[in-house]
Amino acid sequence: MIFVNYMLSVYPDITKKFEGEIWRLEIDDKTNNLLLEIRNEADKQVSFASLNIETGKVNFEDFTLDERWLAGLESAYKGVLLLHNYESANAPVHKAVIAIDEQTGETLWSNYTMAFDHLSVNGPVVYSTQFLPKKLYVADIQTGFMIRPYNAVIDTEFTNTITVPDMVDASAIASLNIPIEPYGGFVHYVEYNGYRIVSLHTRGERSLEQYLFIIDKNGGVNKVLLNTDIQKLQPEAFVLHKNRLICLKNKTEVLIFKL
């Protein structure tokens, strides 16, 4: 990790590196657990991990399903991680719902005839893959029991308290005097609790590089090199959950800052 500039004041409280590329992550609002989908292309193995963003405790890692590759992370809610399989390697269609305890990695239940549709305030909304037209049901996330048919009036969509940065023109942050020229003319930016957070791409010697800047209340600048040897622009480099800034370094390491 590289920190450059003056008055450095913000360092990651939690760091965790994984043996594979972090493909997707979810945060459970109720438990503050970060759930990760990690893919090892060389071994064609997908695994899952659970990390608490408040304490840094790794609840579990290297959790795998019988399906080695065609599986992924669906959602997380009230201490339960929901996983899925894929219909085939050539189709992104999801099938099956597998529920895992976020603390222990224990399989709570699974249903291979259902598929996940979305998460409501009353639990996951699922449907049978064996019948058309699609009929939605609300399931109990702890047991997989079908509670009742989905009702859009009362089963409103669950909204997580995750903040993603805005994409803004680079001229909007000119006053911050960031000593790097943004590539593409835009940056990702958010303000939180007196901090100003910027991620941007810049042209390196042979390829693009991605940096994160955290400017604190006193003007101290913290510069983190997140990725090198990038051939195309990456998505936003960080998210905020409550007072935690979460970002990925080299696609394999989680950095968590307390703001």
For the residue pair [X] and [Y], establish whether any side-chain heavy-atom pair is separated by less than 4.5 Å.
| X | Y | result |
| --- | --- | --- |
| Tyr137 | Ile147 | no |
| Lys223 | Ile180 | yes |
| Glu37 | Val46 | yes |
| Val254 | Leu36 | yes |
| Asn85 | Tyr112 | yes |
| Val198 | Leu212 | no |
| Phe63 | Phe48 | yes |
| Leu245 | Tyr192 | no |

Rounded distance [0.5 Å steps], [atom1] in [X] versus [atom2] in [Y]:
| X | Y | atom1 | atom2 | value |
| --- | --- | --- | --- | --- |
| Ser128 | Lys135 | OG | NZ | 10.5 Å |
| Lys251 | Gln234 | NZ | CD | 4.0 Å |
| Lys78 | Glu102 | NZ | CD | 12.5 Å |

- Message: Tell me which one of Leu83, Leu108, Asn111 satisfies side chain to side chain contact (heavy atoms under 4.5 Å, CB included) with Ile98.
- Response: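 Filter result, single survivor: Leu83.
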When you check the gap from the basic side-chain N to the acidic O, do [X] and [Y] get nearer than 4.0 Å?
| X | Y | value |
| --- | --- | --- |
| Arg148 | Asp155 | yes |
| Glu181 | Arg203 | no |
| Lys242 | Asp29 | no |
| Glu54 | Arg244 | yes |

Does [X] use its side chain to pair, donor to acceptor, with the backbone of [Y] at less than 3.5 Å?
| X | Y | result |
| --- | --- | --- |
| Arg24 | Glu74 | yes |
| Asp140 | Gln142 | yes |
| Asn122 | Ile154 | yes |
| Arg68 | Asp43 | yes |
| Trp109 | Ile100 | no |
| Lys95 | His84 | no |
| Thr202 | Pro182 | no |
| Asn52 | Lys57 | no |
| Asp13 | Lys258 | yes |
| Asn40 | Ala42 | yes |

Tell me if the centroids of the rings in [X] and [Y] come within less than 6.0 Å of each other.
| X | Y | result |
| --- | --- | --- |
| Phe186 | His201 | no |
| Phe158 | Tyr77 | yes |
| His94 | Tyr86 | yes |

For [X], I'd like to know if atom [atom1] has over 12 heavy atoms of other residues, nucleotides or ligands within 6.0 Å.
| X | atom1 | answer |
| --- | --- | --- |
| Tyr183 | OH | no |
| Glu21 | CD | yes |
| Asn193 | CG | yes |
| Lys232 | NZ | no |

Hey, quick one: are [X] and [Y] part of the same hydrophobic cluster, counting side-chain heavy atoms closer than 4.5 Å, chains of contacts allowed?
| X | Y | value |
| --- | --- | --- |
| Tyr211 | Tyr189 | yes |
| Val97 | Val80 | yes |
| Trp23 | Leu70 | no |
| Leu51 | Ile27 | yes |
| Phe145 | Val126 | no |

Nearest heavy-atom pair of [X] and [Y]: which atoms, and what distance?
| X | Y | answer |
| --- | --- | --- |
| Glu253 | Ile22 | N-CD1, 4.0 Å |
| Ser47 | Thr64 | CB-CG2, 3.9 Å |
| Val125 | Ser120 | CG2-CB, 3.8 Å |
| Phe257 | Val224 | CZ-CG2, 4.3 Å |
| Phe60 | Thr104 | CD2-C, 4.0 Å |

- Query: If we ignore angles and hydrogens, is there a donor and acceptor under 3.5 Å between the side chains of Asn33 and Gln103?
  - Reply: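 Yes, Gln103 and Asn33 have a side-chain donor paired with an acceptor closer than 3.5 Å.
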- Distance-only donor-acceptor check, side chains Ser171 and Asp169, under 3.5 Å: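 Yes, side-chain donor-acceptor contact under 3.5 Å.
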- Derivation and outcome, ring-ring contact (aromatic ring centres under 6.0 Å, His included), residues Tyr127 and His118: CA-CA 10 Å; Tyr127 62 94; His118 69 278; over 10 Å; no
- Go through the steps for Glu209 and Thr228 under the test side-chain hydrogen bond (donor to acceptor under 3.5 Å, both in side chains), then give the verdict. CA-CA 4 Å; Glu209 298 173 341; Thr228 59; over 6 Å; no
- Under the 6.0 Å and 45° cation-pi test, does Lys134 pair with Phe131?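 Judged by the rule (NZ or CZ under 6.0 Å from the ring centre, within 45° of its axis), Lys134 is not positioned above Phe131.
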